[in-house]
Each structure stands twice: as C-alpha cells, then as structure tokens.
**Q** 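Before I ask anything, let me first share the structure, which is written out below as structure tokens.
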Protein chains: 2
Amino acid sequence: MPNAPTEPTAKEDLPHPLAAEPIQLRSIGHLRRFRREQDIYGQDERSDTLYRVVSGSACKYLMRADGRRHLVDVYLPGDLFGLTCRAHHKFAVRAVADGTQIACYSRQRVEALAGEDLATATEIRTQSFEAIRRLQEQMLIVGTMTAQEKVLEFLVYFHDRTSTGRDDRLALPISRYDIADMLGISAETVCRAFTNLQERGVITLQGPRRITFRRR
Amino acid sequence: MPNAPTEPTAKEDLPHPLAAEPIQLRSIGHLRRFRREQDIYGQDERSDTLYRVVSGSACKYLMRADGRRHLVDVYLPGDLFGLTCRAHHKFAVRAVADGTQIACYSRQRVEALAGEDLATATEIRTQSFEAIRRLQEQMLIVGTMTAQEKVLEFLVYFHDRTSTGRDDRLALPISRYDIADMLGISAETVCRAFTNLQERGVITLQGPRRITFRRR
DNA sequence: CGCCCAATTGAACTGCATCAAGATTCGTGG
DNA sequence: CCACGAATCTTGATGCAGTTCAATTGGGCG
C-alpha cells in the first residue's frame with residue numbers, strides 16, 4: 001500500500017490526526033479480508049459491530065429502489081466506520097479495492113472499553129469528529145452548482161485526504177461512476193469535466209486514475 | 001417567531017434519542033442569547049468552545065470569496081455543535097431564529113469531564129453519531145439529481161427531524177434562500193418546486209413557511 | 001396602514017442528462 | 001509475452017431542466 005503509516009507526532013491539521021490504534025482496542029478486534037465490491041455490511045443490517053480499514057479502501061452507499069446509487073463517504077486506512085447509535089444501519093459499506101482488510105470490533109465490547117480506557121474513548125471521539133469534518137467538506141462540494149467545480153473540488157479534497165507531503169499527484173481508488181454517484185451528476189459529465197480540466201491545464205492524466213495537478 | 005419555546009426537559013418520542021443534558025455538563029456551561037443572523041462563532045475562529053442549542057435554531061455555513069454561501073447543517077434544540085478535533089473552525093455558525101439561546105462549554109473542561117464522567121462522554125459520542133447521521137442523510141438529498149426531488153426530500157427530512165408524533169404539518173425555521181444554499185440550487189428553483197409540489201397535491205402551503213403534507 | 005424584505009412568477013439562455021457509439025485500459029489465459 | 005474480451009472511460013448529438021435576470025406579488029412587522 002502506498003499509504004505511509006500515520007505518525008501520531010504533532011503537526012496540526014494532518015489529513016488524519018489519528019493516534020495509533022489503542023492497544024486495548026486492538027486486543028478485541030479481529031481481521032477480515034474482502035474482495036472488490038464485497039459488502040462489509042448491508043443496508044438495514046444490525047449495527048452491532050465497529051470497523052476499521054487496515055488496508056485498501058471502502059465506501060458507504062445506499063441503493064434506491066429505482067436502481068440509483070448514492071455514495072456518501074469513502075474510507076481509507078485508519079478510518080473507523082459503523083459509528084452510529086441506532087440499532088440498524090441505513091447505508092451499506094463495501095470494499096473498493098480487492099483484498100481490503102478490515103478490523104472488526106464488537107460494539108458491546110467497544111462501548112464497555114470506552115467507559116474504562118481513555119485512549120479508546122478519545123479515539124472514537126476523534127474519529128467521529130473527523131467523519132463529521134469529511135462529510136461537511138463533501139457537502140460543500142456536492143452543494144456546489146456547476147459540475148466542473150464539483151469534480152475539481154472533489155479531486156482537491158481527495159488529494160488532501162490521501163497525500164502525505166507535497167506530492168501533486170493523485171491515485172484515485174474509485175471509478176468515474178463512483179465519483180458521479182458521489183457528486184450527484186452523471187458519469188459522462190464527470191468525464192467531460194476531466195477532459196475540460198486537462199484542456200485548461202489544471203490537471204494532467206497519466207492514466208484514467210492517475211492525476212497530476214498543474215496549477216492550483 | 002412561530003417557534004414555540006422549547007423545553008430542555010425530556011418529552012417522549014424526541015426526534016433525537018438524546019438523554020437529557022448530563023448534570024455535570026450543565027454545571028460547566030453558561031447561557032448566551034443571540035439575535036437573528038448573529039454569528040455564534042465565525043470562520044477560522046479558534047475552536048475552544050462547545051455549544052448546545054437550548055432554544056431557537058442555528059445553522060452552520062461557509063461564505064465563499066465570490067459571495068456564494070453554503071449551508072451544511074441546521075441545529076435545533078438539544079443539538080451539540082462545535083464538535084471538532086481541529087484547532088480552528090472551517091465553518092461559521094449563526095443563529096437563525098431571533099433570541100436563540102445557546103449553552104456554551106469550555107472545550108478544555110468538557111474534555112476533562114469526558115474523561116471522568118461517563119454520562120458526558122456518552123452524550124458527546126451520541127451527539128457526534130447523530131451529526132454523522134444527519135449529514136449522511138442530507139448528502140443523499142443534495143446528491144439527488146432533480147431539484148424537485150431535492151426539495152421534497154428535504155421537507156420530509158426536516159419534518160422527521162422536527163415533528164413529534166403524527167403531525168403532518170411542518171413549520172420551516174429557514175428561508176427559501178437558506179434551503180437553496182443547502183441544496184445547491186437557486187432560490188427561484190426552490191420556489192418553483194414548492195409551487196409544483198402544491199399543484200401536484202403533495203403539499204399545501206398555509207403561509208410561505210407553513211407546510212402540510214397531503215399524501216406521502 | 002404602509003413599508004420592506006421574502007416569495008413568487010415570467011422569459012431567455014445554458015449546462016447537464018440522456019442515448020448512442022467508439023476508444024482505452026486491464027485482467028486473463030493461451 | 002501477446003492476444004483477446006469485458007469493463008471502464010471517452011466523445012458526440014439532442015432535448016430538457018435549472019440558472020439567470022427582471023418584474024411583481026404577498027406577508028409580516030413596525
């Protein structure tokens with residue numbers, strides 16, 4: 001995996017300001033491996049488990065009765081998901097990359113642990129705050145009017161999330177269709193936006209999923 | 001304002017499954033009152049305070065350099081906001097209703113309290129999870145393709161958040177412009193959607209902000 | 001009662017969805 | 001290593017939904 005192990009060492013405003021997984025939390029988790037497109041949990045499933053991406057990536061989505069799909073979040077290594085206080089999930093989460101590894105924790109045991117282990121409690125709180133931040137940021141993007149801007153802002157947002165340091169390249173883990181379903185526009189429009197951005201010299205495409213930012 | 005004065009005291013069937021404000025938390029807070037449109041905190045402000053809506057309503061937003069405004073969340077009585085682990089806010093939060101009352105808590109003291117008082121820790125976690133839920137739900141709405149649907153889904157969503165029991169009426173605390181800035185469409189389109197929904201017999205308007213749902 | 005801001009409606013233009021072909025890329029097996 | 005096939009991605013043409021600009025109406029508060 002290209003992701004460097006995240007240092008907890010101080011730099012304020014890291015993409016993930018994550019402490020390492022608390023030792024206590026690690027002790028109650030077990031690892032599972034998922035294939036591409038395989039559901040980690042389904043819509044309406046009971047929410048009795050907490051999850052963490054160890055390697056690969058996953059996305060939270062909802063399928064509508066009419067076949068439309070909505071993507072509401074993408075999870076990268078280190079991210080906790082399944083954070084809810086409701087008994088059932090509304091969304092599903094599936095692996096994006098093949099061979100995605102997920103650590104699973106029993107909700108009951110995590111909750112008990114959060115009551116006694118400060119590191120675990122802090123980790124959950126921090127991760128929740130980060131999820132809120134991500135969603136708000138994404139809301140800005142999706143709420144933007146023109147499709148051009150949506151796509152560009154999405155790329156910048158995703159670059160900020162994945163890049164360590166000053167690399168102006170970006171490797172997209174997701175497809176054009178995923179981006180479309182995330183931004184509420186058609187896949188064709190996403191393509192055209194990519195083409196336009198390249199023509200305008202904002203980005204360069206090495207491959208369909210390898211992007212370099214030119215001027216910011 | 002049509003908003004009835006809201007009691008912090010528990011009422012069955014609350015929209016959020018919130019425990020009452022933990023007694024320990026209450027003890028470290030102080031109350032402030034805000035006028036309509038008055039900022040509770042501003043963009044880039046240091047995030048050293050936590051807030052709770054006691055009465056009235058507030059919204060989180062961001063102003064772009066070009067004058068465009070994005071609304072990412074609305075806070076109703078009982079909601080905690082200012083939940084972040086970053087040093088500075090990215091968004092601002094302002095009062096929507098006139099005379100909105102906000103309880104303010106020092107972040108430092110809340111964090112210390114969360115380490116020793118289980119009720120406070122649980123409350124913060126629960127509120128964070130609810131914020132995540134709200135944002136995901138809203139993402140679904142904003143990510144929908146047609147403006148018609150966006151507006152209708154928004155109304156239903158808001159009705160679910162505010163209504164206690166089986167009342168099919170809805171009193172909107174926010175303007176058409178606010179809705180537009182929340183959904184990423186123009187205010188005119190919001191109006192036309194309202195008109196269409198009324199013509200189609202889905203809703204009835206008593207006043208511009210008093211809505212009744214006909215068939216669901 | 002009248003003012004002012006919010007909400008509504010109208011008309012013209014434009015950006016995006018949709019349908020329909022092509023062109024790449026990538027995985028798979030020969 | 002190359003060839004093949006199936007996704008994925010890209011591009012084109014057309015119609016409609018939504019933006020924009022402009023004017024009018026209506027409701028709420030002084």
Side-chain angles (χ1 to χ4, degrees), chain A residues 35-37 59 64 66-71 96-99 141-152 154-155 170-200 203-211, chain B residues 1-3 35-37 59 66-71 96-99 141-152 154-155 170-200 203-211:
Chain A
R35 292 190 311 276
R36 203 171 77 96
E37 311 241 308
C59 69
R64 289 266 170 90
D66 57 13
R68 285 183 300 179
R69 191 183 56 149
H70 288 267
L71 252 159
V96 173
D98 205 44
I141 298 169
V142 180
T144 299
M145 277 195 186
T146 79
Q148 282 272 328
E149 286 177 310
K150 285 191 199 185
V151 171
L152 178 55
F154 173 79
L155 291 179
L170 169 63
L172 278 180
I174 62 178
S175 73
R176 300 284 189 269
Y177 291 90
D178 293 333
I179 299 175
D181 289 344
M182 204 147 186
L183 302 181
I185 59 183
S186 72
E188 292 92 332
T189 300
V190 175
C191 275
R192 286 184 240 273
F194 270 97
T195 308
N196 273 343
L197 289 171
Q198 197 171 17
E199 284 171 355
R200 284 168 44 203
I203 60 170
T204 316
L205 296 172
Q206 274 73 47
R209 300 209 184 172
R210 304 210 141 267
I211 295 149
Chain B
M1 279 292 107
N3 290 66
R35 293 190 310 277
R36 200 172 78 95
E37 311 242 307
C59 68
D66 58 13
R68 283 182 302 178
R69 191 183 56 150
H70 289 268
L71 249 157
V96 173
D98 207 43
I141 299 168
V142 180
T144 300
M145 275 194 186
T146 80
Q148 284 272 329
E149 285 176 311
K150 286 191 199 186
V151 171
L152 178 55
F154 174 79
L155 291 178
L170 168 63
L172 277 180
I174 62 178
S175 73
R176 299 284 189 270
Y177 292 91
D178 292 334
I179 298 174
D181 290 344
M182 204 147 187
L183 302 182
I185 57 182
S186 73
E188 290 92 333
T189 301
V190 175
C191 274
R192 286 183 240 273
F194 270 97
T195 309
N196 273 344
L197 289 171
Q198 198 170 16
E199 284 172 354
R200 284 168 43 201
I203 61 169
T204 316
L205 295 172
Q206 275 74 46
R209 302 211 185 170
R210 305 208 141 266
I211 296 149

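All heavy atoms count here, side chains included; hydrogens, waters and symmetry mates do not.
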**Q** Given atom CG of Asp98(B) and atom P of dC29(D), what is their separation to the nearest angstrom?
**A** 10 Å
**Q** Return the value, rounded to whole Å, for the distance between atom CG of Leu172(A) and atom C1' of dT25(C).
**A** 15 Å
**Q** Whole angstrom is fine here: how far is it from CD in Gln206(B) over to P in dG26(D)?
**A** 17 Å
**Q** Expressed as a whole number of angstroms, how long is the span from Asp66(B):CG to dT19(D):C1'?
**A** 15 Å
**Q** Could you state the atom-to-atom distance from CD of Glu37(B) to C1' of dA6(C) in whole Å?
**A** 12 Å
**Q** Not counting sequence neighbours, which residues clear salt bridge (charged side-chain N to carboxylate O under 4.0 Å, His left out) with Glu199(B)? List them please.
**A** none
**Q** Nearest 0.5 Å, what's the CD1-CZ distance between Ile174(B) and Phe154(B)?
**A** 4.0 Å
**Q** If the sugar-phosphate is the primed atoms plus P, OP1 and OP2 and the base is the rest, what is the B/S/- string for nucleotides 7-17 of chain C, using protein heavy atoms under 4.0 Å?
**A** SBBBB----SS
**Q** Does the side chain of Leu197(A) reach to within under 4.5 Å of the side chain of Gln148(A), using non-hydrogen atoms?
**A** yes
**Q** Rounded to the Å, how far apart are Arg35(A) CZ and dG27(C) C1'?
**A** 16 Å
**Q** Can you measure Asp181(B) atom CG to dT19(D) atom C1' for me and round it to whole angstrom units?
**A** 14 Å
**Q** Under the salt bridge (charged side-chain N to carboxylate O under 4.0 Å, His left out) test, which residues partner Arg68(B), sequence neighbours left out?
**A** Glu149(A), Asp66(B)
**Q** With rounding to the nearest 0.5 Å, note down the distance linking CG in Leu205(B) to CG in Leu172(B).
**A** 9.0 Å
**Q** If the helix axis at each end comes from five base pairs, how far does the helix from dC1(C)-dG30(D) to dA21(C)-dT10(D) deviate from straight, to 10°?
**A** 50°
**Q** Kindly write out the residues that satisfy side-chain contact (heavy atoms from CB on, under 4.5 Å) with Gln206(A), not counting sequence neighbours, or none if the list is empty.
**A** Thr204(A), Arg210(A), Thr212(A)
**Q** Which residues pass the salt bridge (charged side-chain N to carboxylate O under 4.0 Å, His left out) test with Arg69(A), not counting sequence neighbours?
**A** Asp178(A), Asp181(A)
**Q** Just list the side-chain donor-acceptor pairs under 3.5 Å for residues 187-194 of chain A, sequence neighbours left out, or say none.
**A**
from, atom 1, to, atom 2, distance (Å)
Thr189(A), OG1, Ser186(A), OG, 2.9

**Q** Evaluate the side-chain proximity of Val151(A) to Ile185(A): yes if any heavy-atom separation is below 4.5 Å, no if none is.
**A** yes
**Q** Rounded to whole Å, how long is the line connecting atom CG of Leu183(B) with atom P of dA17(D)?
**A** 19 Å
